[in-house]
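What you are looking at is a predicted structure, and each value in this text was computed from that prediction instead of being measured.
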Amino acid sequence: MSAAEPAGDRARVAQDHRAAGPTVLRMLVGAQLRRYREAAGISTEAAGYEIRGSHSKISRMELGRVGYKERDVADLLTLYGVTDPSLREPLLELAEHASAPGWWQPFGDVVPSWFEPYLGLEQGAVLVRVYEVQDIPELLQTRDYARALLAARHSEAGPEEIERRVELRMRRRCVFERPDPLRLWAVLDEATLCRTVGGRATMRAQIEHLIEMAELPNVTVQIVPFSSGGHAAEGGPMTLLRFAEPELPDVVYLEHLTCALYPDRASDIARYRDALNRIGVQAEPPDRTRAILQAALARLGRAPRRAAG
């Protein structure tokens, strides 16, 4: 397929991605700009000079890490020899939509800058693979469980702020309500079932919800038991997102307390993908998940013994 051929199709694809916000659209525009640049044999340095920027700016644009000015995109297309309006206009339109705010914009006061890109990626992905060590994955959390976790993490926040954070987390679950719902493959360490977040009633409701979600055809949940010993994901929690567009690479997301990392080297992405593949093999198979979760419920159902006297 030539660099020019996908442009019209990409405009139609944009209709499906607009609800996901700007992040995936920026990636689509950036991927197409990179193909045009490479087909024209132009360096990132020369492209940066054309738009009064640097080669690093071109790299950020091609990775979808920054917004687009219409003038910059138009100048780059001219530099790359893309003069046919039927090729230019769809990409310029895509770039315009890529600058529109995402649905989460009203929650800007509780969304750190390093997390906002992930929201767009999550909303635009077709598959999310996640390994969690101590908490139930956010897309599978109940409102009460999420509230207890967020209150513990943001101890300085008042009730109103906590509720806004909870609401944002609940709104993210709209990915399961799309005509083509997100496919989620979650591997959980057994510790996530043993940590009684929010009290027994909250934890019980959370596990019951997890059982319901695991029954959905687009959701796979596996458990890594303590008895499995060492495993492929010893490095900690990780998330990998995949998109419908084959030219878009998988994205790895690693969250820390005050920041997040998005490793983008192909070798790093392959390493995390391999770790998720291997942890999926080492975990209990999906058909064992319900029994494991039922056993966790049974443990929660036992009332604590009272001391005699």
Side-chain angles (χ1 to χ4, degrees), residues 6 9-10 12-32 62-67 94 97-98 100-105 107 111-132 135-141 146 168-188 213-214 216-222 233 237-255 260-266 268-277 279-280 286:
D9 292 339
R10 211 163 315 286
R12 289 189 293 274
V13 169
Q15 300 292 334
D16 299 327
H17 283 294
R18 286 175 190 173
T23 310
V24 172
L25 290 177
R26 288 200 302 261
M27 292 173 66
L28 288 169
V29 172
Q32 185 63 17
E62 292 180 353
L63 288 170
R65 300 288 172 81
V66 294
L94 218 58
H97 288 290
W103 61 256
W104 51 87
Q105 198 73 15
F107 294 91
V111 176
S113 59
W114 47 264
F115 186 58
E116 185 173 358
Y118 179 80
L119 288 174
L121 293 169
E122 181 181 79
Q123 296 297 304
V126 295
L127 170 68
V128 171
R129 300 179 62 181
V130 58
Y131 168 67
E132 274 293 348
D135 302 326
I136 304 299
E138 293 178 1
L139 286 175
L140 297 176
Q141 292 176 7
L168 172 64
R169 191 163 292 186
M170 296 300 102
R171 287 277 301 275
R172 288 166 54 192
R173 300 193 302 191
C174 65
V175 292
F176 296 124
E177 301 168 2
R178 304 181 315 207
D180 56 336
L182 175 77
R183 288 182 289 126
L184 177 66
W185 180 2
V187 180
L188 283 58
M213 293 298 293
L216 297 177
N218 57 303
V219 177
T220 299
V221 177
Q222 292 180 261
M238 65 186 79
T239 301
L240 183 143
L241 306 99
R242 184 163 296 162
F243 307 92
E245 291 294 307
E247 68 271 25
L248 295 185
D250 292 346
V251 173
V252 172
Y253 174 76
L254 308 173
E255 183 172 319
L261 298 177
Y262 297 82
D264 55 22
R265 290 193 305 180
D268 290 340
I269 294 173
R271 183 75 179 272
Y272 283 103
R273 187 187 300 116
D274 178 66
L276 286 166
N277 287 339
I279 194 65

TODO: Determine yes or no for a side-chain-to-main-chain donor-acceptor pair under 3.5 angstrom, with R129 supplying the side chain and L276 the backbone.
DONE: yes
Task: Rounded distance [0.5 Å steps], CD in E245 versus CD in Q32 - done: 10.0 Å
Open item on the list: Would you say CZ of R173 has more than 12 non-hydrogen atoms from neighbouring residues, nucleotides or ligands within 6.0 angstrom?
Closed with: yes
Open item on the list: I need the minimum non-hydrogen distance between F243 and A125, along with the two atoms involved.
Closed with: CD2-CA, 3.6 Å
Task: Minimum side-chain heavy-atom gap F107-R169 below 4.5 Å - done: no
Open item on the list: Are R172 and E138 packed together at the side-chain level, in the sense that at least one heavy-atom pair is separated by less than 4.5 angstrom?
Closed with: yes
- [ ] Would you confirm whether N218, through its side chain, and L182, through its main-chain N or O, come within 3.5 Å as a donor-acceptor pair?
- [x] yes
TODO: Working to the nearest 0.5 Å, report the span between CG of L184 and CG of L216.
DONE: 10.0 Å
Task: Point-to-point distance, once rounded to the nearest 0.5 Å, from CG of L168 to CH2 of W104 - done: 10.0 Å
Open item on the list: For the CG atom of D250 and the CG atom of D264, what is their distance to the nearest 0.5 Å?
Closed with: 13.0 Å
Open item on the list: Any non-hydrogen side-chain atom of L248 less than 4.5 Å from a side-chain atom of L28?
Closed with: yes
Task: Shortest non-hydrogen separation from V24 to G124 and the atoms involved - done: CG2-CA, 3.7 Å
Open item on the list: Are the side chains of T239 and V252 in contact, using a 4.5 Å heavy-atom criterion?
Closed with: no
Open item on the list: Quick one: does any side-chain atom of E132 pair with a main-chain N or O of A186 as donor and acceptor, under 3.5 Å?
Closed with: no
Task: Minimum side-chain heavy-atom gap M238-R273 below 4.5 Å - done: no
TODO: Kindly indicate whether the side chain of L261, heavy atoms from C-beta on, has any atom under 4.5 Å from the side chain of W114.
DONE: no
Task: Y253 OH to E255 CD distance, which is reported to the nearest 0.5 Å - done: 3.5 Å
- [ ] Flag the pair V221 / P286 as yes when at least one side-chain heavy-atom distance between them is below 4.5 Å, and no otherwise.
- [x] no
TODO: For V175 and Q123, run side-chain contact (heavy atoms from CB on, under 4.5 Å): C-alpha distance rounded to whole Å, both residues' side-chain angles, the deciding distance at 0.1 Å, then the answer.
DONE: CA-CA 6 Å; V175 292; Q123 296 297 304; 3.5 Å; yes
Open item on the list: Tell me whether the rings of F115 and Y118 are parallel (<30°), tilted (30 to 60°) or perpendicular (>60°).
Closed with: parallel
Open item on the list: Checking side-chain polar atoms at under 3.5 Å, does Q222 have a donor or acceptor matched by the opposite partner on W185?
Closed with: yes
Open item on the list: For a side-chain contact (heavy atoms from CB on, under 4.5 Å) check, start with the C-alpha distance between L139 and E122, then their side-chain angles and the critical distance, and finish with the verdict.
Closed with: CA-CA 10 Å; L139 286 175; E122 181 181 79; 3.6 Å; yes
- [ ] Compare every heavy atom of R178 with every heavy atom of V126, then report the nearest pair and how far apart it is.
- [x] CA-NH2, 4.2 Å
Open item on the list: Side chains of L127 and L241, heavy atoms from C-beta outward: is any pair under 4.5 Å?
Closed with: no
Open item on the list: Looking at every non-hydrogen atom in both residues, tell me the closest pair between G120 and T23 and how far apart they are.
Closed with: CA-OG1, 3.3 Å
Task: Closest non-hydrogen atom pair, P263 against Y272 - done: CG-CE1, 4.2 Å
Open item on the list: Checking the side chain of R242 only, and the main-chain atoms of P249 only, is there a donor and an acceptor separated by less than 3.5 Å?
Closed with: no
